[in-house]
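Below is one structure, written out as structure tokens; the observations come after it.
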2 protein chains.
Amino acid sequence: MARAGLTTERLIRAGAELADEVGFDQVTVSALARRFDVKVASLYSHLKNSQDLKTKIALLALEELADRGAAALAGRAGKDALTAFANVYRDYARQHPGRYAAAQLRLDPETAAISAGGKHAQMTRAILRGYDLTEPDQTHAVRLLGSVFHGYVSLEMGGGFSHSTPDTQETWSWTLDALDTLLRNRPAT
Amino acid sequence: MARAGLTTERLIRAGAELADEVGFDQVTVSALARRFDVKVASLYSHLKNSQDLKTKIALLALEELADRGAAALAGRAGKDALTAFANVYRDYARQHPGRYAAAQLRLDPETAAISAGGKHAQMTRAILRGYDLTEPDQTHAVRLLGSVFHGYVSLEMGGGFSHSTPDTQETWSWTLDALDTLLRNRPAT
DNA sequence: CGATTTGCCTAAAGCTATTAGGCAGATGCA
DNA sequence: TGCATCTGCCTAATAGCTTTAGGCAAATCG
């Protein structure tokens, strides 16, 4: 029997694609084996277990998001940076819903530490350099931006805003305007 | 053999408690049967299937949240109402993490229609009566509030804000202040 | 008090996760 | 090139969750 050429790398990538196609919670070792036309047990040489698979997909998604975020921020500042960064999240979630869901997976502290999660917070801080915030306002603002981006994207994806006017693109622009105004008007303490 | 006295009602309540104890995704027909010291198949006279169980827990959570929201809004307006309502979400999520997770379950349109989901949007609109917003700003604002509440609570619960100063209570108050300011300063179009 | 209803049970099949051990194709060394 | 080793994927087996079908006994009703 010809070998399938499995590697952890390939499995994670395929798992991420599978997540985008059928949803992150439908990502299963069995489904992945099926996709490679291989027996389930074969994957266990490359993956510790099912949780390991999911965690690694989450880490991949976080990295991809961080890379896109960094690219979006390059050469931008102020509202321009804010908008570009926010759109990275929203667009990523639309293009890769399964990966986006994976990125929300709760990671244990050691795993979180080696993840790209820290980069996300740093990039948000970078955006805030364009506004005149000092601590602790800056931290509050980092958290606010995270909340709005995640909350909005998550509700929009979940269909929470569906079949109502005006359309969600308008609300998204309105929201980014509002955040920009908010950050500009909150004076340094 | 004495009968266990199962009813759909009791199963859903026990399922909600189970969700709070072990997490919503660990809620399983088997675990529920174990809790009633009954065989798994017995639950299928009261529940269509596993999905049905989860959906019903979600509906329960949405109702409970709506009831608490309504109670919080009674006799309040403006920032007072905003704060009280926001705290309902946050407190509910802290007290009932499993139920809160259940409330985020994606419902199919028919189920969503009979859920308390509509009440949530209406209550948010009620809060906005204290601010001077006209359409379409009002709809944008409803979505913004939903995003911030859900996003914040979800990140906080997920440990996204952990081990960093200042503590999350401060950020929460800061966020509600910021939203209040934002809504007050956005003039009617 | 007997007849019917209904609640919980046994049995069985299918899917997922995970581990142990085996065979054959790939690789390395002479 | 030929042989030995190693590694990759396989078979087999156990265990848990889901769901359906059919049965028996407890509750209920006339």
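Quantities reported herein were computed from a predicted structural model and do not represent experimental measurements. What's counted below: heavy atoms across the whole structure, side chains too, no hydrogens, waters or symmetry copies. We name chains A, B, ... by the order of the sequence lines, and we start the count at 1 in each one.
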Take atom CG of B/Leu53 and atom P of D/dT19, then tell me their distance rounded to the nearest Å. 10 Å
Do NZ/NE/NH1/NH2 and the carboxylate oxygens of A/Arg94 and A/Glu156 come within less than 4.0 Å? yes
Determine whether the side chains of A/Thr139 and A/Arg125 contain a donor N or O and an acceptor N or O closer than 3.5 Å. yes
Would you please indicate yes or no on a ring centroid separation below 6.0 angstrom for A/Tyr100 and A/Phe24? no
Any ion pair linking B/Asp91 and B/Arg68 (charged N to carboxylate O, less than 4.0 Å)? no
Output field: ring centroids B/His96/B/Tyr92 closer than 6.0 Å: yes
Under the salt bridge (charged side-chain N to carboxylate O under 4.0 Å, His left out) rule, what pairs show up with a residue in residues 103-117 of chain A, not counting sequence neighbours? none
Using whole Å, report how far CG of B/Leu43 lies from C1' of C/dC9. 12 Å
Within residues 7-22 of chain B, the residues having a heavy atom closer than 4.0 Å to DNA chain D are none
For B/Gln138 and B/Arg129, test the side chains for any donor-to-acceptor distance below 3.5 angstrom and give the result as yes or no. no
Which residues pass the ring pair (Phe, Tyr, Trp, His ring centres under 6.0 Å) test with A/Tyr131, not counting sequence neighbours? none
Pairs touching residues 35-56 of chain B that satisfy ring-ring contact (aromatic ring centres under 6.0 Å, His included), sequence neighbours left out: none
Where along nucleotides 10-20 of chain C does protein come under 4.0 Å, by heavy atom, of base (B) or sugar-phosphate alone (S), with - for untouched nucleotides? B-----SSBBB
How many angstroms lie between CD1 in B/Ile127 and CD in B/Gln122, if you round to the nearest 0.5 Å? 12.5 Å
Tabulated below should be each protein N or O lying under 3.5 Å from an N or O of nucleotides 4-8 of chain D; please produce it.
residue, atom, partner, partner atom, Å
D/dT7, O2, A/Arg3, NH2, 3.4
D/dG8, O4', A/Arg3, NH1, 2.7

